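Just so we're on the same page: letters track the sequence lines, and every chain starts at 1. Just so it is clear, the structure is predicted and the values come from calculations on it, not from any experiment.
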There are 2 protein chains.
Amino acid sequence: MLMDPHLLTTFVTVARHGSFSAAAAELGYTQSAISQQIAALEADLGLPLLSRRPVEPTPAGRRLLEHAEPLLLRLRAARADVLRTAAQPRHLLRLAATPLAVNAVVSARLAEARARQPRLEVRLRTCRAEDLAAVVAEGRADLGLADGLAAPSDPLRLPESGPMTTTGVSEEDLVVVLPGGHPLAGRASLRLADLIDARWLQSPLCPLARLRDLVGDGFPAGLEYEGDDVHTVLALAAAGHGLTLLPASAVPAGGGQVCVVPVSAPRLVHRVELLHAALPAGAPSDVAAVLTG
Amino acid sequence: MLMDPHLLTTFVTVARHGSFSAAAAELGYTQSAISQQIAALEADLGLPLLSRRPVEPTPAGRRLLEHAEPLLLRLRAARADVLRTAAQPRHLLRLAATPLAVNAVVSARLAEARARQPRLEVRLRTCRAEDLAAVVAEGRADLGLADGLAAPSDPLRLPESGPMTTTGVSEEDLVVVLPGGHPLAGRASLRLADLIDARWLQSPLCPLARLRDLVGDGFPAGLEYEGDDVHTVLALAAAGHGLTLLPASAVPAGGGQVCVVPVSAPRLVHRVELLHAALPAGAPSDVAAVLTG
DNA sequence: TGTTCTTACGGCGCACGTAACCATT
DNA sequence: AATGGTTACGTGCGCCGTAAGAACA
């Protein structure tokens, strides 16, 4: 009658795995329990939510999934937020960042913060962009740094993440990374529209979906790289597996067999944003102030 | 561990009543059960949420309250949304509207919709502005019509209401309602800034809080009227209990002992917005199209 | 002393696990 | 036949109600 979050979690887990047994394993239940929980949820709503064999969400199930994930996130976020009100001041800052978010500006500001507060300890972990909001909302990190492509002064498009504030930290020019011998390698600048039919690298450092969002369809994926190592991406680009767009400072000057060309149009930047939920007292809030400049 | 919505509802109920016993009565539990539920929630979070005697939220409790209400609303809204995916087409339209939302434009458009769909049945109920979003989100009405003051072309400020879309329906000029013998009664137009020290009527038809939001502090309340009857408001205004701001069309032409004067500055309008969650098939979606013009 | 929240304790129901059952490949 | 979801059934834990207890007026 009230849609127990417990049941919702099992539901999303089953949907994600496409399997009752796999969900059971993940959640530490028996298959049977999972089956009963799903049945209970379906009985409660009076609708089938999953087709069996194969296990796939029905239209109603798909609708519920769209609600359930953010709902559960908000629930955990609320818990974390309430707990923060009672947290004592810390001098430990837990920072979560997407791979390219920690650039020169951020490092410098962080150094500044450490200079001001000698006792400050920083624990930095990298984190996939799609997880960052949840990590911060749930209090698993005090601050989050997200990077991504955006039009100048426009915000990034972060996944709906509940009550959280974002502040711009830095914006930087973008360059197209080309293999050394590429016909366009010598150019002073390039327009992305001229490259929509080229092969591109799909990687977390430069997600093509976002590029299509901003510029238009095209940008076919040549090779897909699931890691977040800049050197690997540069090596792949050098080997001609595809082009990629990176912040200028991420490419070592004069090194490697790649050639970088600034993007002239459309005006896009590599933007870094700071995410924070309500901040616990102590280091985190002070650092947030320094990071945003 | 997962913040059972069940416990959250009891918590908000207790907080609203400032009493365990009253909450127990409302929810159909014993005092004892309520006590145990609150204790369980406090144990789960490891924090006191309510001070006893008097029963009032602690800082942490206040924080939790801010989260709990919208969370529970979203939960019910999600349920309603999922159920709607399976709803069969209806020719019944359940419309919820704040008192002044059903104006000439809305009535005309509604008539147009009925002309196009002879089988259309409309069930209209009025609803307090602060409840409207919840009523629509939870599917207790198919469409909502909210009215309020706003700068021209600006949206109303509706309470955070989860996944819902709003569309402007109409905007209309505002008039100040003055008693017949008022010194300013003859004026061709008035500026609100000149009236911030006058006595005003506080009523759901013209909430002074919103006025202060838009124009600035002031607008002291003379008499507070909790009903939503225009004639009563006009009678109170005529008797000099205070000024009020209404859409021009709400005041009967030439009637009554009141005098109306258009507002010249700041530019404000009486705006009506249509609210809808995902629309069920059938009448509601068609009508929504007609209503938005 | 009255009101109101808390604690103790017993019972009932519910949710889970075991295991048998069935369906789909 | 094997894999994987469902159904049947027993058990234990959790949650609520009754009733007695404690705190504040």
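Among the protein residues, A/Ser35 comes within range of the nucleic acid bases, having at least one heavy atom under 4.0 Å from a base atom. Looking at heavy-atom distances under 4.0 Å, B/Ser21 makes contact with sugar-phosphate atoms alone, never a base.
Taking atom CG of B/Leu7 as the reference point, atom P of D/dG14 lies 14 Å away to the nearest angstrom. Atom CD of A/Gln36 is separated from atom C1' of C/dA19 by 12 Å (rounded to the nearest Å). Rounded to whole angstrom, the span from the CG atom of B/Leu2 across to the C1' atom of D/dG14 amounts to 16 Å. Computed from coordinates, the A/Gln31 CD to C/dC22 C1' distance equals 13 Å when rounded to whole Å. In this entry the distance linking OH of B/Tyr29 with C1' of D/dG14 reads 13 Å, nearest Å. Look at NE2 on A/His6: it is 14 Å from C1' on D/dC13, rounded to the nearest Å. B/Leu49 has its CG atom 16 Å from the P atom of C/dC5, to the nearest Å. The CG-P distance, from B/Asp4 to D/dG14, rounds to 14 Å in whole Å.
No salt bridge links A/Arg212 with A/Asp217; every basic N to acidic carboxylate O contact stays at or beyond 4.0 Å.
B/Ser35 and B/Gln31 form no side-chain donor-acceptor contact under 3.5 Å, judged by distance and modelled atom types alone.
B/Asp147 approaches B/Pro99 most closely through the heavy-atom pair OD1-N, 4.4 Å.
A centroid separation of 6.0 Å or more is found between the aromatic rings of A/His231 and A/Tyr225.
Between A/Gln37 and the phosphate of C/dC16, there is a side-chain N or O to OP1/OP2 separation shorter than 4.0 Å.
The base of C/dT24 is not paired with the side chain of A/Arg53 by any donor and acceptor separated by under 3.5 Å.
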